[in-house]
Amino acid sequence: MKIIKKLLMARATAMLGDKLVKLAAGAILTVFVARMLGAAELGIYSIVMAWSAFLVPLTSMGLNNLVVRQMTKLSSGQEAMTMLYTAVSIRLTLGLIGGGVLLGLFYLLNPELFSGHLNYAIPLLFMLQAFFGFLLFEFYLNYQGTFRSPAYAKSVISLLSFAVKLLLLLQGFGIASLLLMTAIEFLLVGLTQYLLYLRKHQPFKEETQRWQHYHPRHFSFAQAKVLLKRSAWLWLSGIVSVIYLKIDIVMLGSIAGAEQAGIYAAASRLSELWYIFPATLAVRYYPDMLKAFEKGWNGYLLKLRRFALMFFSAALAIALVMTLCAEWLILLLFGEAFNDAVTVLRIHIWAGCFIFVRYLIGQHLVITEQEPLSLFSHGMGALINVGLNLWWIPQYGIVGAAWATLISYAYASFFFLFFAKSTRTQFWQLLRVKRASLTDNGTMND
């Protein structure tokens, strides 16, 4: 019992638990929507949620860790409070503006989807997502050492939302009710993080008084200018990354129709389920990689190679098993109507071999201060994905979209390394480094 209690109280467990809950709930909901409403309705739901994902960079503005990092450099609690509240105001404002712009663009490209209850469900979804701006309060609580409460609160809200969605489906409600519930979930998550902040935040550094409640009057144009300038790179990278990851569903919906998008979404959901493992392990191993880098280059390369082989081997094993079991899984979970998803899954699952390793490469680029290459790789991946989808979807449908995803992921996750001199050199060093060439401190022997 003591071991279980320690496990439940662990910070990492709490934060990972939130991700697992959302991932599992999303996967199960996909199966229920497919079974009860069909491929076309699943396609509509997936298309709207893919568009909603484009708002994430606008509601974060690359300010998550940046704001807390900048606040720690300030000596005055009043200045730190003003910076935090200014960042929240920026995110709320741009989230609302971005939601309105995206809603207008979505209407221009998908006017047929605005019918019945979707007329108000889609606008509410886009606009209430602005409340994710309040998640900055969670990052500040994390900085002060409060991890479990924010993570558990989000997990509880996700579970309750999931339960209500299933109940709505069982009662005969459609996609609009699911979107409306998701919008309410966005609102509740944001407000809950703010309420937890009010209750649990501690005085700043050596000060004794807690901060006032958030209010837009604390906005500082000078600090806003500094934050936006510092976050511009991260914000742009976030936008490119979302386009690179979500554009396939959007383009399928526009070119091939909602039903084909739904069939594709069923397969891609099963494929992307596995991505949580490299994402979690990469965070877990980052401190080890950083310590190895500080000790010596060759010792760092050995550790990076060991982790990369482990990640790739796991992805390869998953891809092989999923390829062999694809038909059985698709028919079991989604039924005969989704038979075309079998081929998509057998192609899409191999993208994981590159995505798994990409999580480590991303950490490497940060450690070696090569962040611009991350933006470049995602940008080129997005261009390749869009170009191939425009070419192949009209000819090959969802199978063409799957190949476009695999090729673009392969380039953006791994093969971009060969197009920059620094990473190309480092890759060959990674292959050639030998343990026998190391001294005790991780440097190379002469």
Side-chain angles (χ1 to χ4, degrees), residues 18-19 21-23 25-26 29 33 41 44-64 85 87-110 113-139 150-151 153-169 173-198 213-216 219 235 238-239 242 246 249-250:
D18 173 50
K19 295 179 180 179
V21 166
K22 290 180 180 177
L23 193 67
L29 187 66
V33 172
E41 292 296 291
I44 293 172
Y45 181 74
S46 301
I47 291 167
V48 175
M49 292 307 298
W51 276 81
S52 174
F54 294 151
L55 279 173
V56 173
L58 294 177
T59 55
S60 68
M61 290 302 297
L63 294 172
N64 290 338
Y85 290 175
V88 171
S89 296
I90 291 173
R91 288 177 53 152
L92 288 175
T93 303
L94 292 180
L96 290 170
I97 294 173
V101 172
L102 198 68
L103 180 62
L105 186 60
F106 184 82
Y107 179 79
L108 288 175
L109 296 176
N110 303 278
L113 296 185
F114 283 82
S115 60
H117 297 303
L118 289 174
N119 273 325
Y120 61 85
I122 294 175
L124 280 173
L125 177 74
F126 287 178
M127 302 312 292
L128 290 183
Q129 192 166 342
F131 280 90
F132 268 13
F134 280 153
L135 292 185
L136 268 179
F137 293 118
E138 177 190 3
F139 280 85
K154 289 195 294 184
S155 295
V156 169
I157 292 172
S158 295
L159 284 173
L160 289 174
S161 175
F162 171 63
V164 172
K165 288 174 183 176
L166 284 187
L167 182 62
L168 289 170
L169 283 174
F173 289 88
I175 292 300
S177 65
L178 303 183
L179 296 176
L180 185 59
M181 193 61 228
T182 302
I184 295 172
E185 182 180 349
F186 289 158
L187 174 64
L188 290 177
V189 168
L191 292 179
T192 299
Q193 296 306 314
Y194 176 55
L195 292 174
L196 283 171
Y197 161 80
L198 292 179
H213 293 187
Y214 165 75
H215 194 281
F219 185 85
W235 175 67
I239 290 177
V242 171
K246 297 295 183 181
I249 291 287
V250 172

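In this chain, numbering begins with 1 at the start of the sequence shown.
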Problem set entry | Side-chain heavy atoms of L135 within contact of R91, under 4.5 Å | yes
For this session: Give every residue pair that meets the salt bridge (charged side-chain N to carboxylate O under 4.0 Å, His left out) criterion with at least one member in residues 153-164, sequence neighbours excluded.
Result: D18-K154, E138-K154
For this session: Please tell me if the side chains of L29 and Y45 come closer than 4.5 Å, counting only heavy atoms from C-beta onward.
Result: yes
For this session: Answer yes or no: is there a side-chain heavy-atom contact under 4.5 Å between F134 and Y214?
Result: yes
Problem set entry | Note, W51 side chain near I122 side chain (heavy atom, < 4.5 Å) | no
Exercise. Quick one: does V250's side chain get under 4.5 Å of F54's, heavy atoms only?
Worked result: yes
Exercise. What closest approach, in Å, do P216 and S89 show between heavy atoms, and which atom pair accounts for it?
Worked result: CA-OG, 4.0 Å
Exercise. Do you know which two heavy atoms are closest between G95 and A130, and how far apart they sit?
Worked result: C-CB, 3.7 Å
For this session: Count the heavy atoms of every other residue, nucleotide or ligand shown that sit under 6.0 Å from CZ of F173, and state whether that count exceeds 12.
Result: no
Problem set entry | Exercise: identify the closest heavy-atom pair between K246 and A50 | O-CB, 4.2 Å
Exercise. If we only count heavy atoms from C-beta on, is the L113 to F106 side-chain gap below 4.5 Å?
Worked result: yes
Would you mind writing out the side-chain donor-acceptor pairs for residues 176-193 within the sub-3.5 Å range, not counting sequence neighbours?
from	atom 1	to	atom 2	distance (Å)
S177	OG	G174	O	2.6
T182	OG1	K165	NZ	2.9
T182	OG1	L178	O	2.8
E185	OE1	S161	OG	2.8
T192	OG1	L188	O	2.6
Q193	NE2	P150	O	3.3

For this session: Using a 4.5 Å cut-off on heavy atoms from C-beta on, say whether the side chain of F137 contacts that of L196.
Result: no
Problem set entry | Side chains of F162 and L166 in contact at under 4.5 Å (non-hydrogen atoms) | yes
